[in-house]
Number of protein chains: 2
Amino acid sequence: MSEEHLSEEYLLESFFHLMLAVKRQLHQQAEQLDLEVTPMHLRVIKIIDRKQPCTAIDIASFLGRDKAQVTRLINALIDQELISKAPNPNDKRSQYLLTTERGVAVVEELNRMDECIVQRMTKGLQPSERAEFQRLARLMAGNFQGEEQS
Amino acid sequence: MSEEHLSEEYLLESFFHLMLAVKRQLHQQAEQLDLEVTPMHLRVIKIIDRKQPCTAIDIASFLGRDKAQVTRLINALIDQELISKAPNPNDKRSQYLLTTERGVAVVEELNRMDECIVQRMTKGLQPSERAEFQRLARLMAGNFQGEEQS
DNA sequence: AAAAAGTAGTTGACAAAATCAACCAAAAAC
DNA sequence: GTTTTTGGTTGATTTTGTCAACTACTTTTT
């Protein structure tokens, strides 16, 4: 009566545990790089590299986060000379964000590390299962998106 | 050449997006309760309720987090009279954590809300898909667990 | 049984992640 | 040609999380 299946865990708790593990991995990743950056900075520089040319607002909307936070993340990346600003010809208020030479090198390293993390994470999974997980994650994230009022 | 599939997103990014959406939901949940608590407090009281009797260390190890943080979360829950401490007969250093009457009511409300969140999140998914997602999440979290040195 | 080592929990200090509100300058809408 | 919206910055604050030091009690070792 009081003995429950340990495996009978709630969906959200399972998700939290994976969340924690992934966060730890990214934290380690940031430490290994030996730069003055946090996991969030790394996420931002990857986005900048991928979506070049992109603006601060693009990043904020992709991350779904406050632009104040993005401004500070960007400033830190500029201080470390991993990215730079260039005038946006279409809008004098905004600037294009570009990865510097140094930044590109970091991103390449990061992509290698990310692949490594995903490899470890999906160890023992079929490629089809990996794809299925991603499909479901995207689907569920989409389920929430509709109902959010900005 | 420069036009990429928008859907060709990285596994980790998909996961992050879901993470963000879930976090927002829990944040709203905490606000709706109209108590002086944060999502993390709610997670803790649910654990206390589920694993009763349990100690601070049990919670820290289940959450995988620092005991300092747990101490503070617990103190806040006690201030709000949602949980209480009772002496642990097996060990004078530690205390059992128990939900108060008020705490039990909150947990019941929380379970309803959680179920609601999961419902919305898994809208359009087959029960088998929901189970599959959970299975994969648990499997992947397990893949990381092995390699962590305490 | 006494010393050493380990464990439960608390406290202080601090870093990281995130949000809110107020603000400026430029752009778009009217 | 004002008004409103948008891109971005800054300041203040909250939430989450970690590290280190410490107390008090337990367990292990000798």
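Small disclaimer: the values here were computed from a predicted structure and weren't measured.
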Distance from N111(A) atom CG to C116(A) atom SG, nearest 0.5 Å?
->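 Separation between the atoms: 12.5 Å.
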Checking side chain to side chain donor-acceptor pair (under 3.5 Å) for the pair Q25(B)/R120(B): CA distance, chi angles, key distance, verdict?
-> CA-CA 10 Å; Q25(B) 292 293 317; R120(B) 254 186 301 168; 3.2 Å; yes
[X] [atom1] - [N] [atom2] separation (whole Å):
X: N75(A); N: dG7(D); atom1: CG; atom2: P; answer: 18 Å
X: I74(B); N: dT10(C); atom1: CD1; atom2: C1'; answer: 11 Å
X: H27(B); N: dA17(C); atom1: NE2; atom2: P; answer: 18 Å
X: Y96(A); N: dG8(D); atom1: OH; atom2: C1'; answer: 16 Å
X: L42(A); N: dA17(C); atom1: CG; atom2: C1'; answer: 14 Å

Does a nitrogen or oxygen in the side chain of S94(B) sit under 4.0 Å from OP1 or OP2 of dA8(C)?
->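 False: S94(B) side-chain N/O out of range (4.0 Å or more) of dA8(C) OP1/OP2.
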Report yes if at least one side-chain N or O of T38(A) is closer than 4.0 Å to OP1 or OP2 of dA17(C); otherwise report no.
->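 Yes.
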Under 3.5 Å, which protein N or O atoms sit close to an N or O of nucleotides 25-28 of chain D? Give each pair with its distance.
from: dC25(D); atom 1: O2; to: R93(B); atom 2: NH1; distance (Å): 3.4
from: dT26(D); atom 1: OP1; to: K92(B); atom 2: N; distance (Å): 3.1
from: dT26(D); atom 1: O4'; to: R93(B); atom 2: NH2; distance (Å): 3.4

Using a strict cut-off of less than 4.0 Å between a Lys/Arg side-chain nitrogen and an Asp/Glu carboxylate oxygen, indicate whether E129(B) and R135(A) qualify as a salt bridge.
->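 Salt bridge flag = yes for R135(A) with E129(B).
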So which protein nitrogen or oxygen atoms get under 3.5 Å of nucleotides 18-22 of chain C's nitrogens or oxygens?
from: dA18(C); atom 1: OP1; to: R65(A); atom 2: NE; distance (Å): 3.0
from: dA18(C); atom 1: OP1; to: R65(A); atom 2: NH2; distance (Å): 2.9
from: dA18(C); atom 1: OP2; to: R65(A); atom 2: NE; distance (Å): 3.4
from: dA18(C); atom 1: OP2; to: Q69(A); atom 2: NE2; distance (Å): 3.1
from: dA18(C); atom 1: O5'; to: R65(A); atom 2: NE; distance (Å): 3.4
from: dT19(C); atom 1: OP1; to: R24(B); atom 2: NE; distance (Å): 3.3
from: dT19(C); atom 1: OP1; to: R24(B); atom 2: NH2; distance (Å): 2.6
from: dT19(C); atom 1: O4; to: R72(A); atom 2: NH1; distance (Å): 3.1

Show your reasoning for whether ring-ring contact (aromatic ring centres under 6.0 Å, His included) applies to F144(A) and H17(B).
-> CA-CA 10 Å; F144(A) 286 124; H17(B) 277 113; over 10 Å; no
Five pairs at each end of the helix from dA1(C)-dT30(D) to dC30(C)-dG1(D): take the axis at both ends and give me the angle between them to 10°.
->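 Taking the rotation axis at each end, their angle is 30°.
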